[in-house]
Amino acid sequence: MLKGIWLALIPLALMAQTAPPAGTNTANKYVGSEVCKTCHADVWLNFYKNPHYKSIASGKETPERTGCEGCHGPAGNHVAARGGKATIGAFSNFTPDETLTTCLSCHSKDVSRASIRNSAHTKADVVCSSCHSIHKPATPKFLLAKQQTELCYTCHASQRAQFEMPSKHRVNEGAVQCSDCHNPHGSALSAGSTTQHMGGSSAALQPAFNNEQPCLKCHVDKRGPFVFEHAAVKVEGCEGCHVPHGSTNAKLLTRPVVFTLCLECHNGAGTFGRSNFSVFRTSPAHNLQDPKYQRCTLCHIKVHGSNSDQFFLR
Amino acid sequence: MMPTMKTFFPLILIGAFLPAFAHAQQTVAPTTGEATGSVRGDNVGTYNIVQQWELGYRFASVGGDSGSYRSDVNYHNGIRLLNSSLTINSRDGHGKWFDEITLSTQGLGHDPYESATFRIQKNQWYRYDLLWRSNDYFNPGLTVANGEHLIDTNHRWQDHELTLLPQNWYRLRVGYGRTAQDGPALNTATPFDSQGAVFPVFHNVRQQFNEYRVGGDATLHGFRFSILRRWEFFKEDSADTQTTTLTGAALPFSSSTDPSVLTSFNRSQPYRGDTRGWLANLSGERKFVAVNARFSYSGGRGDFVQNERALGIDRFSNGQNRQIAVTGNGTRPVTTGDLNLTLFPASKLSVINTTSISNTRISGNNHFVQFDNATLSNDNLNFQFLGIRLITNATDVKYRFTKRLDAFAGYRYSNREIRSIEDSADPGQAFQGLTGQQTNVLQAGVAGVNWILLKDLRLHVEGEIGRDDHPFAPNSLANYHAIRARVRYAKRKYSVSGGYQQNYNNNSIQITAYSSHSRNYNGDATWNAKSWLALDASYSNLHLDTIGGLQFFAGSPRASLVADQSSYYISNIHAANLGLRIPIRKRADLYAGYSLTRDAGDSRAAYILPRLAPGLADLYHAETFPLTYQTPLLRLSVQITPKLRYNLGYQYYGYHEDFGLLAQNQNYRAHTGYTSLLWSF
């Protein structure tokens, strides 16, 4: 009974606390999350499932780093005005820079987000709230506004088309995710280019350990080191021959048949290649009218690198 | 999105289980996270529990090239736990042993794409994450290697990450990852002569990669310092064997008079590699500056042995008993350093500078020994070195003119040096090999603008132009530019967006005259018209045309140099998506979707020569590859009780090449679907 009386008194106490006398011109103060839930009960009801609830549960954080006001700022004026977006830090009113700065006040220290200021997303004003929904997330982990695949497709329509091609990485099927290869928060090497930047990585690629191509995280057998490296693979990357998202060509190749793909580099033209005088052309013994020689990888089975044969034959 | 959402939203985290609208049309399958009536959590003690399990039967009926179907789709019959999820949350954030458990699975029961994720954490004390995936991979490699390269393997991944004291000023991390691939494959061998018959051999794929990591980070004065130590181990024991006698005359691409015979063949090539490395990172923000500095080093090493034995008759009718043994090792130390500084000299201005240095040195050596008919015929040593040193610097300036308008511009400079040694010698002889060195510089400029034209209308335009003074390969970036633009108008109930991206590259010198033109157009619209109707449609056009100069040898009876040919490739892909969702009286949910990929190629209608020029006919055939790939689907979900739902799905896959390439055709059609019960509580 006594407990019930106390519970009944809480809203009254809160109202008393949140309604300063009219005409009082006090500085904006922190009021605590308990006050917020009076009006925002729908948000508060499930907030214990939110990762941000940790800051409340710990009970150790300072007012500006915990609960509702940890993100939305002091709510004193908001309470005094009995609501309104103009009196509180509403993310819908924030500029992209303000959103980023607010979130990074806590989230800037993780390695995975350390390059966010330099990311292509930030340059395009795609910031935290563009992808994350703190109060209405579609995923309990990472609080994404939609399932990851759908979320990325919202802007990257061409990639959606590629992942629906016959030969593709199985993103739609759930076998891999965009974030397996990309870090939407920016890569340490990202120069924000719209095309492959020499040696750097465009498209916020999430490199394998030590700046290697992300492809090698799964295709570990292509990593080497090999005695006979296919230098183009290490210098220009996998995208020299493959379309990573999806292709109408088998094995995600950039060409429908392999011999045109190989011949475009192996044509003997000068000043290319690791030896700086050309990428050597095919042997005179290879009569390209013979169908066998049109299937280059039929014999050159180790095109990604070999330990025993300089021509990748074994 | 769904009519019932408003009703139940306040109860639990429905969003976590809502079906992604577009996601639902991607694959035949699982009714991913379909809300079942009043999805709700049960409170047990101080915890809230939400569960969802979808059990069903998947079926598939395939006509045409089943290998191609397995390569592209690969669903087959069987009982599946199509989808499941479980979340347990502490309601006060002070659970005894844990505060959160999250488990989700997909496709368990031998779907080709199975996965599971698991998280358990106790606030302030620990967090453990598990990711597991399994992928049945099949590829017949038809147009690449005439179907003589075939792979049918299972690829599995798992990753474990344990973080101790996740909210403390210092944290400790321990992790383990594993990747394994195994299964049968078909490979080829040219055991006696690189110009001889190409024999198919069985290839037993066995690869395993293990990774261990230990690290931690600490926050001091607002900056976080992280350090990570990694150990990676890779081993491969794949082997080629052929125990059946094969005759060259019976093989594809061989002459009917080819006397070659392969009586038996064995090739084992065990490989053991390890990479040990360090990663250190310092990051943090102050009012006027943000810094992110990283250093990493890894030392990779691999040791190998190769033993090949072939018995048979070569193309000159000579008996062959050939044995090849190769031993050696390779090393790959990689050092990288990155420094990213962001300055905020004014509230509307940010200046970002990134400097990256990386140095990769790959060297390897082997001892190659070959015995022909018990006689040592080849004994040599090889040494190879490839060094790549790269320095990049990028500076970007971004300024916000108004709340609705900002712009950025930047300059990039990259300097890459490639050093190479390719050497070979007989034992006891001095190396006299080939060395090379080149340096190339790439400079590029970027600029862009973000503009909120109207309240809900956003425009983004950016461009880049770059010049490389010494591209590495004929198809590398040389003189290029890129343009990207996107406009989006989004309201609560509908949104419309359009985009354009253009990438042009011209890398022309004598012979190659390589150029590439890529243009993408796309448009997308979503409309949540009524509580009983939602629509999603998108269209993309991906155009690519490339041309590159070729030199090769061809002709009959003796091949001669053909130097005036070019490789011309046109791909003109129209891709469309349409999704329609119709909830019926809050009891059923009907979804119809259609996905189309149509490569119109260069508009030729048949397998014909578009030009009269002689030379390599197949070169012209390969200039374009028109095909159609379409996947309509229909899904029905009916609520039986508030906790139980019945689902039925059907999806058709139709793959049709207008004309096969190199006289091969891989068309197929497949009817797939599933029926399931979804239980949530």
Side-chain angles (χ1 to χ4, degrees), chain A residues 42 48-49 54 57 108-109 111 114 117 124-125 136-138 140 147 150 157-158 161 164-166 172-175 188 191 194-195 198-199 210-211 220-221 225 227 229 235 248 250 256-258 260 263-265 267-269 274-276 281-282 284 287-289 291-292 295 298-299 307-308, chain B residues 10 15-16 20 22-23 26-27 72 89 93 106 113 123 135 144-145 209 224 253 281 283 285 292 296 298 304 306 326 330 332 334 336 338 342 362 364 366 390 394 414 420 436 438 442 450 460 472-473 482 484 511-512 520 522 540 548 550-554 559 567 575 595 599 622 625 629:
Chain A
D42 55 332
Y48 67 89
K49 296 183 179 181
K54 293 189 191 84
S108 68
K109 302 174 191 70
V111 174
R117 294 281 185 187
D125 280 352
K136 299 176 182 176
Q147 298 289 339
E150 187 200 1
S158 297
E164 288 176 349
M165 291 180 182
N172 295 334
E173 290 77 3
T194 52
T195 59
M198 184 177 77
N210 231 339
N211 299 343
V220 288
D221 55 315
V227 175
E229 295 279 356
V235 176
T248 52
V257 295
V258 72
T260 54
L263 290 176
E264 283 179 8
C265 284
N267 58 16
R274 63 188 292 191
S275 300
N276 197 22
R281 65 176 173 231
T282 56
N287 184 346
L288 262 293
Q289 286 189 327
K292 179 174 73 174
R295 277 84 172 173
L298 203 58
C299 298
N307 284 318
S308 57
Chain B
H23 185 256
Q26 301 307 324
T27 170
D72 295 345
N89 288 96
Q106 179 190 309
Y113 317 107
N123 293 340
N135 181 9
V144 176
F209 174 82
R224 182 167 292 259
F253 314 129
N281 189 277
S283 62
E285 286 206 12
N292 176 30
S296 66
S298 69
F304 60 88
Q306 181 166 319
V326 190
R332 184 197 49 234
V334 181
T336 61
D338 308 289
T342 304
I362 307 170
N366 73 20
L390 177 69
S414 299
S420 173
Q438 63 158 279
L442 186 146
N450 300 297
H460 170 79
F472 183 75
R484 182 161 59 186
I511 301 174
T512 73
N520 297 345
N522 60 69
S540 295
L550 299 183
Q551 283 193 124
F552 54 87
F553 290 87
S567 166
S595 170
D599 190 342
F625 186 34
Y629 182 62

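The chains referred to below are lettered A, B, ... by the order of the sequence lines, with proteins before strands, and numbering in each begins at 1. All values reported here derive from a predicted model rather than from experimental measurement.
- In terms of non-hydrogen atom pairs under 4.5 Å with chain A, the most contact-rich of B:Asp599, B:Asn450, B:Asn522, B:Asn89 is B:Asn450.
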Please determine whether salt bridge (Lys or Arg N to Asp or Glu O under 4.0 Å) holds for the pair B:Glu285 and A:Arg117, giving the CA-CA distance in whole Å, both sets of side-chain angles, and the decisive distance to 0.1 Å. CA-CA 10 Å; B:Glu285 286 206 12; A:Arg117 294 281 185 187; 2.9 Å; yes
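- Within the 4.5 angstrom heavy-atom criterion, atoms from both the backbone and the side chain of B:Asp72 approach chain A.
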Could you go step by step and tell me if A:Asp221 and B:Phe209 meet the side-chain contact (heavy atoms from CB on, under 4.5 Å) rule? CA-CA 9 Å; A:Asp221 55 315; B:Phe209 174 82; over 6 Å; no
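- No other option in B:Asn135, B:Asn281, B:Asn366, B:Val326 has as many heavy-atom pairs under 4.5 Å with chain A as B:Asn366.
- Interface residue B:Phe472: backbone and side-chain heavy atoms are both found under 4.5 Å from chain A.
- What you find for B:Gln551 and A:Leu263 is that their closest heavy atoms are O-CD2, 4.5 Å.
- Highest contact tally toward chain B, considering only A:Ser275, A:Ala175, A:Pro166, is held by A:Pro166 [criterion: heavy-atom pairs under 4.5 Å].
- Only the side chain of A:Arg281 comes within contact range of chain B, judged by heavy atoms closer than 4.5 Å.
- For B:Tyr113, the side chain to side chain donor-acceptor pair (under 3.5 Å) partners at least two apart in sequence or on another chain are A:Arg170.
- Not counting sequence neighbours, B:Asn520 has no partner by the side chain to side chain donor-acceptor pair (under 3.5 Å) test.
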